[in-house]
Amino acid sequence: MSKTTGGDIRAELGLRPVINVSGTMTSLGASIVVPEAVSAVNRVLTEFVELGDLLRRASRTIAELTGAEAGFVTASCSAGISLAVAAAITGDNLWAIEQLPDTGTLRNEVLIQTGHIVSYGAPVDQAIRLAGAKVVPVGQATSAHGYQLAGAINDRTVAAVFVVSHHVVDYGQIPLKTFAEICHARGVPVIVDAASEYDLRGFLADGADVVLYSGHKFLGGPTSGICAGNKDFIRNIYLQNRGIGRGMKVGKEGIAGVIAALEAWKTRDHAAVRAREKRALDLWVETLEGKAGVAASIVPDPTSNPLDRLKVTVDPEAARITAWDLARAMATGPRPVIVRDHEAEQGYVLLDPCNLHEGEESIVAERLLEELERARQSNDIISTPLAEHLLALEKSILKWPD
Ligand SMILES: *Cc1c(COP(=O)(O)O)cnc(C)c1O
């Protein structure tokens with residue numbers, strides 16, 4: 001295992017040594033930060049810097065990688081949504097920036113397709129409202145049309161938000177290009193939330209005025225949000241640090257870390273990363289071959305990121321366990337493995353290979369066998385009623401810090 005210095009800090013803090021096959025989850029620490037970013041964070045922490053200059057430097061790196069005119073770093077992609085909406089509302093009016101979330105007589109309606117109003121751990125519409133905006137949904141959950149978007153634009157409209165994510169409804173939505181054309185024809189800027197997307201250029205090319213990424217997801221940077229777009233818009237986002245952005249600011253370590261992660265992205269051996277992920281997937285397919293009640297298949301990422309996952313479909317009768325009970329069992333014991341289980345009620349879990357340390361794929365395989373064997377030998381089918389399972393999840397949220 002690649003632990004930078006001094007061994008595994010988790011034991012020291014009394015934390016479980018979880019293995020992450022669920023994806024880049026905030027609740028698990030997002031991603032493995034790349035060594036280049038770890039080093040940059042370390043080296044800047046003890047120095048003074050002129051923050052405006054460090055952010056200028058970040059702007060140049062973001063511009064180079066995205067093809068945008070300028071870039072900015074904030075606390076998270078979620079913060080980026082709030083600040084981009086704030087920028088659309090206030091422009092460079094310093095007084096208005098200090099008044100938010102009160103928008104006074106300024107335009108403050110923000111359009112978003114109903115099928116894009118998702119939760120990434122918090123509601124996207126709340127990130128919009130934090131800036132003082134009023135959210136105006138367009139269309140219904142599973143259908144939105146250009147005429148509905150055009151019809152919703154009025155003289156109060158200040159921006160439109162477009163979300164790219166596996167969370168959004170994946171059919172019946174207006175494609176980004178069309179969405180941007182309709183908005184631009186009426187002078188409305190388009191903010192794209194592409195938090196988890198590997199594509200650093202496509203959304204700007206398709207018409208985004210500002211595109212937002214998480215620095216701590218696929219890029220392997222420290223916790224941060226990256227904004228890329230035209231210079232005036234990005235400046236107006238930067239200016240929000242004099243207002244609501246203050247509580248969303250990122251320190252020197254976050255900014256230096258993002259610069260390093262972006263630089264490393266340029267030279268990362270993406271083919272080697274994919275090959276490593278493929279080896280993990282192949283191992284798991286082999287491991288599950290012929291096991292009663294489970295069917296494994298390699299599935300592509302729903303938003304076309306260059307990343308495949310293993311879909312493990314569980315037949316509770318034959319496997320003697322439900323998908324959600326298997327997920328829970330995998331997460332217990334001395335070698336806890338956290339699988340991707342947000343669709344478990346449909347009878348499957350996913351294994352995401354993009355956050356594994358060397359050798360962990362074998363532990364995942366062993367744990368799968370262990371838990372499937374335990375289920376096979378149990379007298380009763382391990383089956384928590386779904387409603388009970390969901391209620392228990394909800395209840396456990398309120399237990400913290402106990
Ligand atoms: C993860 C995610 C976010 C939130 O990103 P943070 O950087 O963690 O705030 C926002 N939108 C989408 C689509 C996401 O997947």
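Both counts, for ligands and for their atoms, begin at 1 and track the order of listing. Quick caveat: nothing in here was measured; it's all calculated off a predicted structure.
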### Geometric class of the Tyr213/Phe203 ring pair [parallel <30°, tilted 30-60°, perpendicular >60°]
tilted
### Message
Enumerate the salt bridge (charged side-chain N to carboxylate O under 4.0 Å, His left out) contacts for residues 130-139, please, sequence neighbours excluded, ordered by first and then second residue.
### Response
Glu109-Lys134
### Leu130: partners by side-chain contact (heavy atoms from CB on, under 4.5 Å), with sequence neighbours left out
Ser82, Met248
### Summary
The side-chain contact (heavy atoms from CB on, under 4.5 Å) partners of Asp341 (sequence neighbours excluded) come to Ala327, Val339, Ala344, Val349
Tabulating one pair per line, provide the atom names and distances (0.1 Å) for every N/O atom of ligand 1 that is less than 3.5 Å from a protein N/O atom.
| residue | atom | partner | partner atom | Å |
| --- | --- | --- | --- | --- |
| ligand 1 | 5 (O) | Ser214 | OG | 3.1 |
| ligand 1 | 7 (O) | Cys77 | N | 2.7 |
| ligand 1 | 7 (O) | Ser214 | OG | 2.7 |
| ligand 1 | 7 (O) | His216 | NE2 | 3.2 |
| ligand 1 | 8 (O) | His216 | NE2 | 3.1 |
| ligand 1 | 9 (O) | Ser76 | OG | 3.4 |
| ligand 1 | 9 (O) | Cys77 | N | 3.4 |
| ligand 1 | 9 (O) | Ser78 | N | 2.9 |
| ligand 1 | 11 (N) | Asp193 | OD1 | 3.1 |
| ligand 1 | 11 (N) | Asp193 | OD2 | 2.6 |
| ligand 1 | 15 (O) | Ser196 | OG | 3.2 |
| ligand 1 | 15 (O) | Lys217 | NZ | 3.0 |

### Glu263 bridged to Arg60 by N-O distance under 4.0 Å
no
### Query
Relative to each other, are the rings of Trp265 and His270 parallel, tilted or perpendicular (30° and 60° limits)?
perpendicular
